Amino acid sequence: ERDMDATLFVRIAFDEYPKEAGFMIEAADGTNDKYAYAPIGWYGKNNVPARGRISGKIHVHNNRRYRFVMLDKYGDGMSFGGKDGQYQIHLGEDDKGLILAQGGGDFGFYADHEFNVGNPYADPDKQEPPPQPDPTPAPTVPNDEDQRAFLTLKVQFDKWPTEFSWVVSAVEEGGNQAVVAEKRFGEYKD
């Protein structure tokens, strides 16, 4: 495995309700590699105040395509009472670097951005873009019956099924987390 040789700088200015927000940065090349994840509710549990701001560095691999997803539980994005929140993803160590993704205001339950860091096709063996993955790949199950695991997810929706999402992930050797199945906000309809 190669070293993390690039840095992203994430800057978020929240609306009145940081507890309704979350975000994720993952590889957009079919591998489901997650680089950062702050689930909805995390900022509320960590006492980020209304209209608060956070920023930080995330180390990633160069020459790869990424997806940044900003999440909102209520479905109004980062908008409340005319005072919109906003976010930016920069290439580099601080907010002086090239802006790779940005947004804010009312984006619904999520805003999804894809961007490149370096050239994702720099490998001479990869001249064509990789095929688009199935958004919910089937989990892999070992052949050894003693190591099989089955998961049944039962969901009882309230009046707002569009506000519901889920992720099933596995922690692999070395501490890497791999998503095996997921449903994003807005995929379940009223």
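Computed from a predicted model, the values in this text were never measured in an experiment. Sequential numbering from 1 along the given sequence is applied to the chain's residues.
- For the atom pair Leu98 CG and Ile89 CD1, the distance stands at 12.0 Å (nearest 0.5 Å).
- Taking Ile40 as the reference, Leu71, Lys73, Phe185 meet the side chain to side chain contact (heavy atoms under 4.5 Å, CB included) condition, with sequence neighbours excluded.
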Could you walk me through whether Phe115 and Phe68 pass the ring pair (Phe, Tyr, Trp, His ring centres under 6.0 Å) test, one step at a time? CA-CA 8 Å; Phe115 54 87; Phe68 172 81; 7.6 Å; no

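- Of the possible polar contacts, none joining the Asn63 side chain to the Gly118 backbone as a donor-acceptor pair under 3.5 Å is found.
- For Ile99, the side chain to side chain contact (heavy atoms under 4.5 Å, CB included) criterion is met by Gln88, His90, Gln102, not counting sequence neighbours.
- Note that CD of Gln86 is 9.0 Å distant from CG of Asp84, once rounded to the nearest 0.5 Å.
- Here the closest non-hydrogen pair linking Gly77 and Asp106 is N-OD1, 4.0 Å.
- In this model, no donor atom of one side chain and acceptor atom of the other lie less than 3.5 Å apart for Tyr35 and Arg67.
- Between atom CG of residue Asp112 and atom CZ of residue Phe107 there is a gap of 11.0 Å, rounded to the nearest 0.5 Å.
- Grouping Ile, Leu, Val, Met, Phe, Trp and Tyr residues whose side-chain heavy atoms lie under 4.5 Å apart, directly or via other members, places Phe80 in a hydrophobic cluster with Tyr17.
- With sequence neighbours excluded, the residues forming a side-chain hydrogen bond (donor to acceptor under 3.5 Å, both in side chains) with Asp95 are Arg11, listed by chain and number.
- His61 and Tyr66 get closest at one heavy-atom pair: O-OH, 2.6 Å.
- Every residue meeting the side chain to side chain contact (heavy atoms under 4.5 Å, CB included) condition with Arg51, not counting sequence neighbours, appears here in chain and number order: Asp15, Glu16, Lys83.
- Contacts of Thr7 classified as side-chain hydrogen bond (donor to acceptor under 3.5 Å, both in side chains), with partners at least two apart in sequence or in another chain: His59, Glu93.
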Walk me through it: do Lys57 and Leu8 pass the test side-chain contact (heavy atoms from CB on, under 4.5 Å)? CA-CA 6 Å; Lys57 299 176 198 176; Leu8 301 177; over 6 Å; no

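- Applying the ring pair (Phe, Tyr, Trp, His ring centres under 6.0 Å) criterion to Phe9, with sequence neighbours excluded, gives no partner residue.
- For Asp76, there are no side-chain hydrogen bond (donor to acceptor under 3.5 Å, both in side chains) partners two or more places apart in sequence or in a different chain.
- Looking at Val69 and Phe23, their side chains never come closer than 4.5 Å, going by heavy atoms from C-beta outward.
- Residues satisfying the ring pair (Phe, Tyr, Trp, His ring centres under 6.0 Å) criterion with Tyr110, sequence neighbours excluded, are absent altogether.
- Once rounded to the nearest 0.5 Å, the distance linking CE of Met70 with CZ of Phe109 reads 14.5 Å.
- Residues Arg64 and Asp29 have side chains in contact (heavy-atom distance under 4.5 Å, counting atoms from C-beta outward).
- Here the shortest heavy-atom pairing between Pro18 and Ala50 reads CD-CA, 3.9 Å.
- Under the side-chain hydrogen bond (donor to acceptor under 3.5 Å, both in side chains) criterion, Asn116 pairs with Arg65, not counting sequence neighbours.
- Closest approach of Tyr43 to Ala38, counting heavy atoms only: OH-CB, 3.5 Å.
- Between the OH atom of Tyr37 and the CD atom of Glu26 there is a distance of 11.0 Å, given to the nearest 0.5 Å.
- For Asp94, the side chain to side chain contact (heavy atoms under 4.5 Å, CB included) test picks out Lys96, with sequence neighbours left out.
- Every residue meeting the ring pair (Phe, Tyr, Trp, His ring centres under 6.0 Å) condition with His113, not counting sequence neighbours, appears here in chain and number order: Tyr87.
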